[in-house]
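I'd like to ask some things about the structure below.
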Amino acid sequence: MGFKFAALSLITAFPCALAHGGVLSYLIEGTIYKGWSPYNTPVGQTGIERPWATFDPILDPKSSQLACNDDGTSGALQLTATVKAGSAITAYWNQVWPHPYGPMLTYLGLCPGTTCTGVNANTLKWFKIDESGLINGTVGKGYWGSGKMIDQNSSWTTTIPATVPSGNYLLRFETIALHSLPAQLYPECAQIEITGGGSLAPTAAQLVTFPGAYSATDPGLNIDIYTNQAQVSTEYIIPGPPMYGASVVVPPTSTTMTRTSTATTKTSTSASSAPTGSGTVPQYGQCGGSGYTGATDCKSPFVCTISNAFYSQCL
Ligand SMILES: *[C@@H]1O[C@H](CO)[C@@H](O)[C@H](O)[C@H]1NC(C)=O
Ligand SMILES: *[C@@H]1O[C@H](CO)[C@@H](O)[C@H](O)[C@H]1NC(C)=O
Ligand SMILES: [Cu+2]
């Protein structure tokens, strides 16, 4: 894919088929769950991941495959993992994931009824529970969520927010590669049942469909990382809706930022009286959260907003 682009040959040193892939397994509370193996026979395959057919990326953001890859329907021996709200899930991509430029995103879609098995992923409303875009440096030369994924043994760990209502969900991990245009989208889905959940439902603005959530003209997808401008720009807008849980607005001071664990259970949407405008963190950039030590002041007119205990962003 994309080998006609001159710049790509500098980055991709191995054949196309090896340069793509997807999520092959999951780790949930100490248990490893098999994903899907697209190049093995489907007969007898059993796991929590929805089946998918090839390592190739999806290049059309309006493709029906964007929900759970091709074809993303339940397998004959489909399993569902039980996960306690507030616990972590790690997804493992094929080693070594080759594309270090682009964001990581994780979504949940609530299934109607008592199981996701048989539910068409295109009918779900999805909300974003985790995202990582340009972490530092510039668009052209910086450190991205997907670079961090590679550094983490080609894996990504997402915490299911404790506030998410219990129920059956499709969990959609996605990595987007920006080394060529059009952008390469790599989504896969797993079936999980969340137990012990909270009562904070996503807002209408946080809910999207796949396809529907993205467009080829989104600034986070229609982006050329090889331009001169990209070598100096530090702004990147992650595609998709605002993050789930980002409804509590707090002043961007470090003392307030540490109070995230209590704030996430509130549903207040009252506007902050915090000053804005003097900061450096762009829209959707991280500005706080447990363990975060970077810049906390948002660019005008954005306000540092808690997503969860580990993440606040400028909205
Ligand atoms: C970017 O972040 C990574 C990981 O935190 C770090 O290793 C690297 O030194 C940072 N680079 C810059 C330019 O700050
Ligand atoms: C790295 O990922 C592989 C799966 O791709 C897994 O089997 C292995 O245990 C992981 N290694 C570590 C140190 O986590
Ligand atoms: Cu690839």
Side-chain angles (χ1 to χ4, degrees), residues 1-5 7-40 47-49 52-60 65 69-70 88-104 132-158 173-188 190 221 225 230-236 280-282 285-295 310-311:
M1 286 294 162
F3 270 55
K4 52 186 172 295
F5 296 98
L8 183 60
S9 60
L10 299 174
I11 289 167
T12 311
F14 29 120
C16 200
L18 293 178
H20 304 312
V23 176
L24 300 182
S25 63
Y26 300 86
L27 175 66
I28 305 175
E29 294 176 52
T31 301
I32 292 171
Y33 293 85
K34 262 194 289 185
W36 190 256
S37 300
Y39 296 105
N40 293 349
I48 65 169
E49 192 172 49
W52 47 292
T54 83
F55 275 12
D56 290 340
I58 295 164
L59 301 176
D60 175 7
Q65 299 169 5
N69 211 322
D70 179 12
I89 299 186
T90 302
Y92 294 92
W93 279 257
N94 43 298
Q95 304 247 345
V96 171
W97 185 253
H99 303 307
Y101 305 107
M104 301 295 303
S132 180
L134 182 60
I135 294 171
N136 63 31
T138 66
V139 166
K141 302 190 183 88
Y143 189 56
W144 291 81
S146 52
K148 185 176 176 183
M149 180 263 261
I150 294 166
D151 288 346
Q152 294 173 164
N153 188 29
S154 299
S155 76
W156 193 258
T157 300
T158 291
F173 280 95
E174 178 178 39
T175 182
I176 300 177
L178 302 175
H179 61 279
S180 61
L181 277 169
Q184 301 184 349
L185 301 121
Y186 297 90
E188 282 85 31
L221 296 177
I225 67 169
Q231 307 320 303
V232 294
S233 169
T234 56
E235 280 204 57
Y236 176 72
T280 56
V281 185
Q286 184 169 8
C287 55
S290 166
Y292 176 73
T293 56
F310 306 98
Y311 197 82

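Whatever order the structure lists ligands and atoms in, that order sets their numbers, starting from 1. All values below come from the heavy atoms of this structure, side chains included, with hydrogens, waters and symmetry mates left out.
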My question is simple, although I want it checked carefully: is atom 7 (O) of ligand 2 less than 4.0 angstrom from any protein heavy atom?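 Answer no: nothing from the protein, no heavy atom, is under 4.0 Å.
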Students should be able to answer this: which protein heavy-atom is nearest to atom 2 (O) of ligand 1, and at what distance?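 In this structure, atom 2 (O) of ligand 1 has Asn136 ND2, 2.3 Å as its nearest protein heavy atom.
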Counting non-hydrogen protein atoms only, what is the nearest one to atom 5 (O) of ligand 2? Give residue, atom name and distance.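 Nearest protein contact, heavy atoms only, for atom 5 (O) of ligand 2 is Gln95 NE2, 3.2 Å.
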Spell out, as yes or no, whether a donor-acceptor pair under 3.5 Å connects the side chain of Glu49 to the backbone of Trp36.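 At least one qualifying donor-acceptor pair exists.
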Quick one: nearest non-hydrogen protein atom to atom 12 (C) of ligand 2, plus distance?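 Ranked first by proximity to atom 12 (C) of ligand 2 is Asn153 ND2, 3.3 Å.
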Backbone N/O of Val139 and side chain of Ser233: donor-acceptor pair under 3.5 Å: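 No: the side chain of Ser233 does not pair with the backbone of Val139.
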With the Cu ion (ligand 3) as the point of reference, which N/O/S atom of His20 is the closest?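 Among the N, O or S atoms of His20, the one closest to the Cu ion (ligand 3) is ND1.
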Suppose we measure from atom 4 (C) of ligand 2 to each protein heavy atom; which comes out shortest, and what is that distance?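 The protein heavy atom lying closest is Tyr92 CD2, 3.7 Å.
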Could you tell me whether a side-chain N or O of Asn94 sits under 3.5 Å from a main-chain N or O of Gly22, the two making a donor and an acceptor?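 Yes.
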Looking only at atom types and distance, does a side-chain atom of Gln184 sit under 3.5 Å from a main-chain N or O of Pro57, one as donor and one as acceptor?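 Flag not set: sc Gln184 to bb Pro57 has no pair under 3.5 Å.
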Given Asp60 and Gln65, is the side chain to side chain donor-acceptor pair (under 3.5 Å) satisfied, shown in steps? CA-CA 9 Å; Asp60 175 7; Gln65 299 169 5; over 6 Å; no
May I have the angle between His99 NE2 and Tyr186 OH with its vertex at the Cu ion (ligand 3), rounded to 10°?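 About 90° at the Cu ion (ligand 3).
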When the aromatic ring centroids of Trp144 and Tyr236 are compared, is their separation below 6.0 Å?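 Yes, ring centres under 6.0 Å apart.
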